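Convention: sequence-line order gives letters A, B, ...; per-chain numbering from 1. A quick note: this is a predicted structure, and the numbers were derived from the prediction, not measured.
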There are 2 protein chains.
Amino acid sequence: MVQFVMLQAPPRKDTRERLLEAAEAAVLAKGFAATSIDELIAAVGITKSGFFYHFKDKADLAKAMMLRYLEQDKALLDSLFDRADELNEDPLHGFLVGLKMFAEMMANLPANYPGCLAASFAYQDTLFNREVCALNAEGMLAWRRRFRERFERIAERYPPRIPADLDTLADTAYTLAEGGLILNRVLKDPTILPRQILQFRDFVRLLFAPAG
Amino acid sequence: MVQFVMLQAPPRKDTRERLLEAAEAAVLAKGFAATSIDELIAAVGITKSGFFYHFKDKADLAKAMMLRYLEQDKALLDSLFDRADELNEDPLHGFLVGLKMFAEMMANLPANYPGCLAASFAYQDTLFNREVCALNAEGMLAWRRRFRERFERIAERYPPRIPADLDTLADTAYTLAEGGLILNRVLKDPTILPRQILQFRDFVRLLFAPAG
DNA sequence: AACAAACTGTACCATGAGTCAAGTTGCACG
DNA sequence: CGTGCAACTTGACTCATGGTACAGTTTGTT
């Protein structure tokens, strides 16, 4: 009696992660609602039930995507500005270095569908429950806190040339990032976002650096 | 024999426009794919076949939405900056007035789902055909041209304090608008975008206005 | 009376979310 | 060594929805 064993692929530990990866690419390309579970499992090579083993339902997938995004986002910012701080004792110079590195990083984004889940989710927010929306908001507030803290240290040593609202200044980073990604994408010109960031850097320098 | 006549509502000439209006609200809330034709006709009070009288298919609806958006967008910018120009002979002062009016307008957006179709479509671009995407890009380039022209006139009379790329400067308007709308929406704080614009205004003044 | 514009009613079919019961594999523990 | 459990996967199924086609109907206009 012949036995067909091992036709089944061996269980892979990273299936969940690969699903999230495929989902992110698809959602950035066409949105959450248009991203079908069928296409995700086809990309990863499992069956539908396999998907529902990893995620309770599609809403659960959304939440996992958001968490993954926030994690990566935090890691990115950490690596960027903590390193810039180490290199420079002066808060203004350290920040300017950080912004330059940020611009360079944004210039080297993956070519295919660069974009930000936060923005994609923002424009489809009625599809998600309160929890996911709150996570998104929390991510933005984290940027604000992080940047605001730095501007406070800078303003302490270098009084701004004109009155400046530090929260607004802090939000500019995220604002330019989201807006720049949209322009990048629609105009198919990856230089737009980095140039916006470098221009913001000019503004910061103009605002805080002693005249001369 | 009883006859039930006139159960059918009389044909309304603005049905198409009302469909587009409902579609815009729905798309800004949950995206294009999640917006069903069923819900649109329910909102407007016609049947499915009525919808397909007005639009060949869903792609046709997308195109019409984009055209409508571009038209309104152009009208808004026209009314804004043409008026600011009339009021002021000096290009820099006129522009600063225009930016202030822009900020005020953005502070008084409709409360429900303020947002921009351009951004929503950008993050679902694989759903649309080349034509619609090209229209979107054309809208952005129109902003760039418009602002760049103004910055050229300003720079002619007021040499910038530091070297500035006028295209980048011009793109900042759209970038801040798109990014700011996203922050507004996620953080549920309608003051973010206007504050970003006013800060940009400060930058422009700092950049071009004679020191003193 | 005729015709076009603005619809209605009905039916079709693909897709997509989610369910269920069952199977397999690797690993921990007695 | 084997037994048992948890992680992982399969396949076949249901059920609702959504886009689309098409033929007929009403209304306003000439």
For A:Ser36, does its backbone N or O pair with a side-chain atom of A:Glu39 as donor and acceptor, under 3.5 Å? yes
Expected rows: protein N/O vs nucleotides 17-19 of chain D N/O, under 3.5 Å:
| residue | atom | partner | partner atom | Å |
| --- | --- | --- | --- | --- |
| D:dG18 | OP2 | B:Asp38 | OD2 | 3.4 |
| D:dG19 | OP1 | B:Lys58 | NZ | 2.9 |
| D:dG19 | OP2 | B:Ile37 | N | 2.9 |
| D:dG19 | N7 | B:Lys48 | NZ | 2.7 |

Interatomic distance, A:Phe55 CZ vs D:dC8 C1' [rounded to whole Å]: 13 Å
In whole angstroms, how far is the P atom of D:dT20 from the CG atom of B:Asp60? 10 Å
Rounded to whole Å, how long is the line connecting atom NZ of A:Lys56 with atom P of D:dC8? 19 Å
Do A:Phe128 and A:Phe32 make a side-chain contact, defined as non-hydrogen atoms from C-beta onward lying under 4.5 Å apart? yes
Dot-bracket assigned to DNA chain D with the 3.5 Å Watson-Crick/G-U criterion, [ ] for crossing and | for other-strand pairs, is ||||||||||||||||||||||||||||||
Output field: ring centroids B:Phe147/B:Tyr174 closer than 6.0 Å: no
Atom CG of A:Leu40 and atom P of C:dG16: how far apart are they, to the nearest Å? 11 Å
Check whether any side-chain N or O of B:Thr15 sits under 4.0 Å from OP1 or OP2 of C:dA6, and answer yes or no. no
Have B:Asp73 and B:Trp143 got a donor and an acceptor in their side chains that come within less than 3.5 Å? yes
Would you tell me if any nitrogen or oxygen in the side chain of B:His54 comes within less than 4.0 Å of OP1 or OP2 on C:dA6? no
Residues 60-67 of chain A side chain polar contacts: donor-acceptor under 3.5 Å, at least two apart:
| residue | atom | partner | partner atom | Å |
| --- | --- | --- | --- | --- |
| A:Asp60 | OD2 | A:Lys56 | N | 3.0 |
| A:Lys63 | NZ | A:Glu131 | OE2 | 3.0 |

Between D:dA7 (C1') and A:Phe51 (CZ): distance, integer Å: 17 Å
Under the rule for side-chain contact (heavy atoms from CB on, under 4.5 Å), what residues qualify as partners of B:Arg83, not counting sequence neighbours? B:Met101
Return the value, rounded to whole Å, for the distance between atom CG of A:Asp14 and atom C1' of D:dT9. 14 Å
Taking side-chain contact (heavy atoms from CB on, under 4.5 Å) as the test, write out the residues that go with A:Leu141, two or more places apart. A:Glu138, A:Arg144, A:Arg145, B:Leu187
Salt bridge check: are B:Glu152 and B:Arg148 linked by an N-O gap of less than 4.0 Å? yes
Quick one: is C:dA6 close enough that its OP1 or OP2 comes under 4.0 Å of any side-chain N or O from B:Tyr53? yes
For A:Asn184, what residues pass the side chain to side chain donor-acceptor pair (under 3.5 Å) criterion, not counting sequence neighbours? none
